[in-house]
Amino acid sequence: MAKYPFSEIEPKWQKYWDANQTFRAVEDPAFAKAKRRYVLDMFPYPSGAGLHVGHPLGYIATDIYCRYLRMNGFNVLHPMGFDAFGLPAENYAIQTGTHPAVTTFANIERFKKQIGILGLSYDWAREVSTCTADYYKWTQWIFIQLFKRGLAYESNAPINWCPSCQTGLANEEVKDGECDRCGSKVTRKRIRQWVLKITAYADRLLADLDKVDWPEPVKAMQRNWIGRSEGASVHFAVDGLSEKLEVYTTRPDTLFGATYMVVAPEHPLVSKLTTPAQQAAMSAYVEAAARKSDLERTDLAKDKSGCFTGSYGINPVNGRKLPIWISDYVLISYGTGAIMAVPAHDERDWAFARKFGLPIIQVVAPEGSPAARIGTCGDPDEAFCEEGIAINSGDWNGLTTAAFKAAITKWLEDQGHGQGTVNYKLRDWLFSRQRYWGEPMPLVHCPKCGIVPLHDDQLPLTLPETTSYAPSGNGESPLANIEPWVNTTCPDCGSPARRETNTMPQWAGSCWYYLRFIDPRNDRAFADRAKVDYWMPVDLYVGGTEHAVLHLLYARFWHKVLFDIGAVNTDEPFQRLVNQGMMLGEDNQKMSKSRGNVVNPDDIIGEYGADALRLYEMFMGPLEVSKPWTTAGIVGSSRFLERLWAMSEKPLDDAPPSGELLRLLHRTIRKVTEDSANLAFNTAISALMVLSAEANKAERLSRPLWEALLKMVGPYAPHLAEELWQKLGQTASIAYAAWPGFDPLLCESDELTIVVQFNGKLRADFQVPKDTGREEQERLARLHPKVQEYLVGKEIVKVVVVPGKLVNFVVR
RNA sequence: GCCGGCAUGGCGGAAUGGCAGACGCGAUGGACUCAAAAUCCAUUGUUCGCAAGGAUGUGUGGGUUCAAGUCCCACUGCCGGCACCA
């Protein structure tokens with residue numbers, strides 16, 4: 001018989017699904033909340049580079065899951081769209097003059113074509129692109145809500161600046177001191193910026209991680225990034241100055257060990273602290289620190305540097321005078337930008353004290369050590385950073401670190417010298433970009449009213465047309481040069497005013513796109529609240545780990561703000577998150593053009609068909625783990641499909657199968673049902689292969705078995721399944737055929753194999769009827785000829801019997 | 001340095017504490033063929049043995065258990081994230 005003509009059949013069914021709107025999702029109240037599922041892929045940036053076989057991995061997985069859910073009576077929302085603002089299209093525009101929208105939409109079309117041939121069951125009627133005005137109208141609207149709640153503010157603090165991208169970057173976009181996008185060294189720049197106050201949500205972003213079903217590593221990364229720490233703020237009087245110097249420490253129990261203090265070069269008190277004698281040295285140091293890049297400043301290997309201010313702080317616990325230094329190892333952006341230095345119990349302070357000959361006093365000793373008993377000790381050899389017992393701390397000696405922390409914090413509060421404090425590593429989110437191809441910020445600078453947001457009826461504020469996309473490089477976006485656009489009137493008072501010219505970062509559009517899919521054409525709200533209630537939260541969200549602290553943190557933040565203003569029904573957007581593993585090249589390296597190991601899905605589909613590619617990508621291993629692509633391996637999936645195609649020619653019997661084949665059928669249904677629900681597609685496919693191989697051994701095919709098999713194949717190889725389903729005389733799509741059920745009783749075998757072990761080593765096996773009792777099983781085991789042989793000259797110490805499984809003789 | 005994750009045949013992988021290696025790729029042998037491809041059948045962890053049958057085996061070293069790939073402790077290697085956050 002002819003080979004499976006996938007190149008005819010696959011387009012045929014793709015056209016059918018499209019023409020019949022088979023996967024259109026409708027908010028039908030007949031489905032109870034428990035019978036609705038929102039299954040979401042992380043939407044792509046439509047780059048011009050084209051896809052490799054790794055890109056569709058997650059899309060195939062969610063598609064199979066959605067098809068499985070539909071056959072099980074769920075109403076499924078499964079949309080797709082495009083994260084369409086971004087630098088590549090803009091950079092191309094600078095080079096060629098082509099409008100970024102032109103490039104972007106061309107790439108979107110190409111992308112849709114490429115994933116279209118995979119037979120993915122998206123509701124394309126809900127497609128959105130973040131760069132269209134009807135979409136970013138609502139991005140702007142949400143930004144205004146943030147602004148109105150005081151969560152967006154202007155800042156002039158120095159920021160991360162990428163000299164190549166010519167724009168500011170968020171902390172999350174800087175990796176190892178380099179731009180996450182282009183790899184250029186990030187520098188510091190002081191320009192006016194818009195910042196979102198994500199730190200106001202730090203506690204909730206941390207606590208609510210406990211509510212969601214996400215991979216632990218991703219939760220750990222977010223917890224790390226938020227970086228909550230508990231400690232105390234301590235106020236140090238400064239000799240000869242009215243101002244107090246406030247420091248933050250997680251170890252208030254080491255206050256007696258403080259021997260000097262350090263403030264960051266950018267600290268506001270630096271000039272007041274500097275005595276005339278130190279003035280020259282201090283200016284030189286501050287200037288040198290300002291010139292250093294972030295990477296230079298945070299390089300651990302470098303020597304500590306610093307400069308004495310000439311001033312002294314007074315330690316509130318013992319009145320001791322502590323010299324105040326400045327050093328760039330203290331960061332202005334964390335805590336109070338000033339520290340008390342305890343060299344005996346902190347590696348960094350230790351290194352600094354050693355370099356500058358500052359005293360070192362040990363105030364914590366390991367529990368049980370002699371020092372802990374007598375309350376004092378000699379000079380330490382290295383910093384001791386663990387917890388222990390207080391020494392050299394006056395009346396506090398002998399307390400454990402934990403007890404001392406609590407006691408001294410209370411003492412500080414009682415004496416007015418400080419208080420317990422919680423700190424976060426998370427910084428506010430640098431939100432403005434000095435580029436063209438992004439959402440314009442819907443704000444106006446009015447000389448009378450200050451910064452005024454546009455009114456709702458003035459949205460969207462569309463991007464002006466221009467011919468010059470190049471950034472000015474001086475911290476202004478190209479929009480600043482478009483005078484007719486910049487000059488406007490104040491929405492509130494009507495006076496002449498100027499528009500904000502910064503644009504939003506690419507993350508803005510992706511912060512809420514999952515909500516727009518719910519009601520994509522609504523022009524009165526970002527989404528109708530009843531529809532939000534119908535679908536939200538997202539039940540399953542599949543994408544790569546690269547967004548663990550970027551998109552996934554930002555989106556949670558925006559969602560919580562929307563929750564707080566009553567616009568959404570849940571305080572977390574994504575209930576369950578799954579990270580698909582990376583598809584590596586055949587050489588086990590990351591797939592990339594520069595390595596020359598890229599495999600194009602179009603080529604594979606051309607040779608083997610989309611169903612074979614889908615099947616193979618899922619068969620290769622668990623969804624979550626990274627694995628290398630092997631083109632040679634795909635023939636296994638292809639052969640399986642060919643076998644099904646050939647089997648469809650066999651004569652059919654109406655009777656169900658009998659005996660072992662019936663049992664295998666029910667077991668397979670059980671296995672494939674469980675595995676499909678758990679996204680364990682590799683083992684489900686394996687079970688389908690076993691069943692088809694067994695069923696194929698007979699000359700004739702049982703129709704009930706064949707129908708069940710086709711339905712189970714449906715989500716995995718939908719084109720072939722539809723074709724063979726139609727061949728059976730079915731007129732409706734298999735996409736909504738009822739998923740086959742199984743009978744647990746029919747899964748069980750009448751006979752069980754019992755294995756016999758001697759001291760845990762396998763020696764024999766035999767068959768027993770199911771329901772054989774414990775004693776009977778042991779008796780039959782003893783009668784087994786090989787067992788008798790092994791028992792000769794041995795003494796039985798113990799017999800372990802697991803009914804239906806094994807008998808283990810422990811012998812001597 | 002800190003926090004995660006992973007480690008099983010030639011390869012991808014499978015295995016509620018109970019027959020390690022399901023399923024697939026590859027390889028070897030055979031059938032079909034003038035021949036090849038395709039297809040089908042058989043074998044395929046390593047090792048000793050003509051065979052029957054042994055021994056050994058899930059990164060390393062210990063431990064718990066009648067029984068450990070699976071649980072516990074200590075390592076090693078690889079991958080990812082963070083990194084002067086006081």
Side-chain angles (χ1 to χ4, degrees), chain A residues 3 175-177 215-225 227-229 231 247-252 254 261-262 264 297-302 304 327-331 333-342 345-349 351-352 385 423-427 545-546 548-549 579 581-582 584 586 588 590 615-616 619-622 624-640 642-643 646 671 680 682-690 693 753-765 797-802 804-811:
Chain A
K3 290 197 57 155
K175 296 256 146 62
D176 295 326
E216 270 312 314
V218 176
K219 288 191 186 184
M221 273 190 253
Q222 291 214 351
R223 287 192 188 105
N224 248 319
W225 192 261
R228 182 190 147 98
S229 78
V247 306
Y248 172 73
T249 177
T250 55
R251 293 294 299 270
T254 61
M261 302 179 76
V262 188
R297 277 187 65 157
T298 58
D299 186 358
L300 253 181
K302 84 168 167 57
K304 292 279 182 286
S327 172
D328 60 6
Y329 86 91
V330 171
L331 308 174
S333 50
Y334 183 75
T336 61
I339 63 159
M340 63 173 203
V342 185
H345 304 291
D346 183 285
E347 303 274 3
R348 299 151 299 179
D349 298 346
F352 192 86
C385 305
N423 246 310
Y424 297 93
K425 289 205 299 193
L426 183 70
R427 307 292 151 80
T545 15
E546 65 271 22
V549 287
N579 294 124
M582 211 178 334
L584 304 170
E586 301 224 32
N588 242 305
K590 199 169 169 173
L615 213 50
Y616 181 56
F619 181 69
M620 285 171 58
E624 297 87 348
V625 307
S626 295
K627 47 219 173 263
W629 172 266
T630 316
T631 299
I634 198 173
V635 299
S637 305
S638 182
R639 282 174 192 155
F640 171 61
E642 293 287 355
R643 179 160 73 210
K671 177 80 177 149
N682 54 330
T683 45
I685 294 167
S686 163
L688 290 170
M689 287 173 166
V690 172
T753 303
I754 305 298
V755 302
V756 184
Q757 298 178 337
F758 278 79
N759 294 337
K761 286 194 199 283
L762 179 71
R763 295 300 182 204
D765 59 53
V797 180
K798 185 177 177 181
V799 182
V800 179
V801 180
V802 181
K805 281 250 162 75
L806 65 80
V807 179
N808 187 12
F809 294 98
V810 184
V811 297

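A quick note: this is a predicted structure, and the numbers were derived from the prediction, not measured. Convention: sequence-line order gives letters A, B, ...; per-chain numbering from 1.
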Smallest separation among heavy atoms of [X] and [Y], with atom names:
{"X": "A/Leu688", "Y": "A/Phe640", "answer": "O-CE1, 3.8 Å"}
{"X": "A/Ala264", "Y": "A/Leu331", "answer": "CB-C, 4.0 Å"}
{"X": "A/Gly335", "Y": "A/Tyr248", "answer": "CA-CB, 4.3 Å"}
{"X": "A/Asn808", "Y": "A/Gly760", "answer": "OD1-N, 3.1 Å"}

Determine the Euclidean distance between corresponding [atom1] atoms of [M] and [N]; express it in Å to zero decimal places.
{"N": "B/rG26", "M": "B/rG13", "atom1": "C1'", "value": "14 Å"}
{"N": "B/rC72", "M": "B/rG17", "atom1": "P", "value": "12 Å"}
{"N": "B/rG29", "M": "B/rA38", "atom1": "P", "value": "15 Å"}
{"N": "B/rU8", "M": "B/rU70", "atom1": "C1'", "value": "12 Å"}
{"N": "B/rU16", "M": "B/rC71", "atom1": "P", "value": "11 Å"}
{"N": "B/rU58", "M": "B/rG10", "atom1": "P", "value": "13 Å"}
{"N": "B/rU28", "M": "B/rG45", "atom1": "C1'", "value": "16 Å"}
{"N": "B/rC73", "M": "B/rC66", "atom1": "C1'", "value": "23 Å"}

Calculate the interatomic distance between [X] atom [atom1] and [N] atom [atom2]; express it in whole Å.
{"X": "A/Glu546", "N": "B/rG80", "atom1": "CD", "atom2": "P", "value": "13 Å"}
{"X": "A/Leu615", "N": "B/rG12", "atom1": "CG", "atom2": "C1'", "value": "14 Å"}
{"X": "A/Asn579", "N": "B/rC6", "atom1": "CG", "atom2": "P", "value": "13 Å"}
{"X": "A/Tyr616", "N": "B/rC23", "atom1": "OH", "atom2": "P", "value": "17 Å"}
{"X": "A/Lys219", "N": "B/rG80", "atom1": "NZ", "atom2": "P", "value": "24 Å"}
{"X": "A/Asp346", "N": "B/rG1", "atom1": "CG", "atom2": "P", "value": "17 Å"}
{"X": "A/Leu331", "N": "B/rA83", "atom1": "CG", "atom2": "P", "value": "11 Å"}
{"X": "A/Met221", "N": "B/rC2", "atom1": "CE", "atom2": "P", "value": "19 Å"}

In the strands shown, is [N] matched to any nucleotide by a Watson-Crick or G-U wobble pair with both distances under 3.5 Å, and which?
{"N": "B/rU64", "answer": "none"}
{"N": "B/rC32", "answer": "none"}
{"N": "B/rA20", "answer": "none"}
{"N": "B/rU43", "answer": "B/rA27"}
{"N": "B/rG80", "answer": "B/rC3"}
{"N": "B/rU58", "answer": "none"}

- Would you check if A/Ile685 and A/Tyr616 make a side-chain contact, meaning some heavy-atom pair closer than 4.5 Å?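 Answer no - side chains too far apart.
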
- Test item: A/Asp349 and A/Ile339 side chains (from C-beta on) under 4.5 Å apart, heavy atoms: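 Yes, close enough: below the 4.5 Å cut-off.
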
Which part of the nucleic acid, if any, lies within contact of [X], taking any heavy atom under 4.0 Å across all strands shown: a base, the sugar-phosphate backbone alone, or nothing?
{"X": "A/Val330", "value": "base"}
{"X": "A/Ser327", "value": "nothing"}
{"X": "A/Val690", "value": "sugar-phosphate"}
{"X": "A/Thr250", "value": "sugar-phosphate"}

- Item | Residues, nucleotides or ligands: over 12 heavy atoms within 6.0 Å of A/Lys590 NZ |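 Incorrect, the count does not exceed 12.
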
So which nucleotide from [options] ends up closest to the side chain of [X]?
{"X": "A/Ser686", "options": "B/rA22, B/rG12, B/rA86", "answer": "B/rA22"}
{"X": "A/Val625", "options": "B/rG13, B/rG12, B/rA86", "answer": "B/rG13"}
{"X": "A/Phe619", "options": "B/rA15, B/rC19, B/rC23", "answer": "B/rC23"}
{"X": "A/Trp225", "options": "B/rA83, B/rG18, B/rA86", "answer": "B/rA83"}
{"X": "A/Asp328", "options": "B/rG13, B/rC84, B/rG18", "answer": "B/rC84"}

- Query: Got a donor-acceptor contact below 3.5 angstrom from the A/Gln222 side chain to the A/Ala548 backbone?
  - Reply: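 Such a contact is found between A/Gln222 side chain and A/Ala548 backbone.
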
- Mark yes or no for whether A/Glu586, through its side chain, and A/Thr631, through its backbone, hold a donor-acceptor pair below 3.5 Å.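 Yes, the answer is positive, given that a donor and an acceptor are paired below the 3.5 Å cut-off.
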
Can you check whether [X] has a side-chain N or O nearer than 4.0 Å to OP1 or OP2 of [N]?
{"X": "A/Ser229", "N": "B/rA86", "value": "yes"}
{"X": "A/Tyr334", "N": "B/rA86", "value": "yes"}
{"X": "A/Arg639", "N": "B/rC40", "value": "no"}
{"X": "A/Asn682", "N": "B/rA14", "value": "yes"}
{"X": "A/Lys175", "N": "B/rC82", "value": "yes"}

Could you list the protein-to-nucleotides 63-66 of chain B atom pairs, N/O on both sides, closer than 3.5 Å?
{"from": "B/rC66", "atom 1": "OP1", "to": "A/Lys798", "atom 2": "NZ", "distance (Å)": "3.4"}
{"from": "B/rC66", "atom 1": "O2'", "to": "A/Asn808", "atom 2": "ND2", "distance (Å)": "3.3"}
{"from": "B/rC66", "atom 1": "O2", "to": "A/Asn808", "atom 2": "ND2", "distance (Å)": "2.6"}

- Query: Base of B/rG81 relative to its sugar, syn (within 90° of 0) or anti?
  - Reply: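 That one's anti.
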
- Item | Side-chain donor/acceptor contact of A/Lys805 with base of B/rU16 under 3.5 Å |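 Pair found.
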
- Query: Checking only heavy atoms, does the side chain of A/Lys425 share a donor-acceptor pair with the base of B/rC82 at less than 3.5 Å?
  - Reply: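 Counting by modelled atom types and ignoring angles, no donor-acceptor contact under 3.5 Å is found here.
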
With 3.5 Å as the limit, what N/O pairs link the protein to nucleotides 52-56 of chain B?
{"from": "B/rG54", "atom 1": "OP1", "to": "A/Tyr790", "atom 2": "OH", "distance (Å)": "2.9"}
{"from": "B/rA55", "atom 1": "OP1", "to": "A/Arg763", "atom 2": "NH2", "distance (Å)": "3.3"}
{"from": "B/rA55", "atom 1": "OP2", "to": "A/Arg763", "atom 2": "NH1", "distance (Å)": "3.4"}

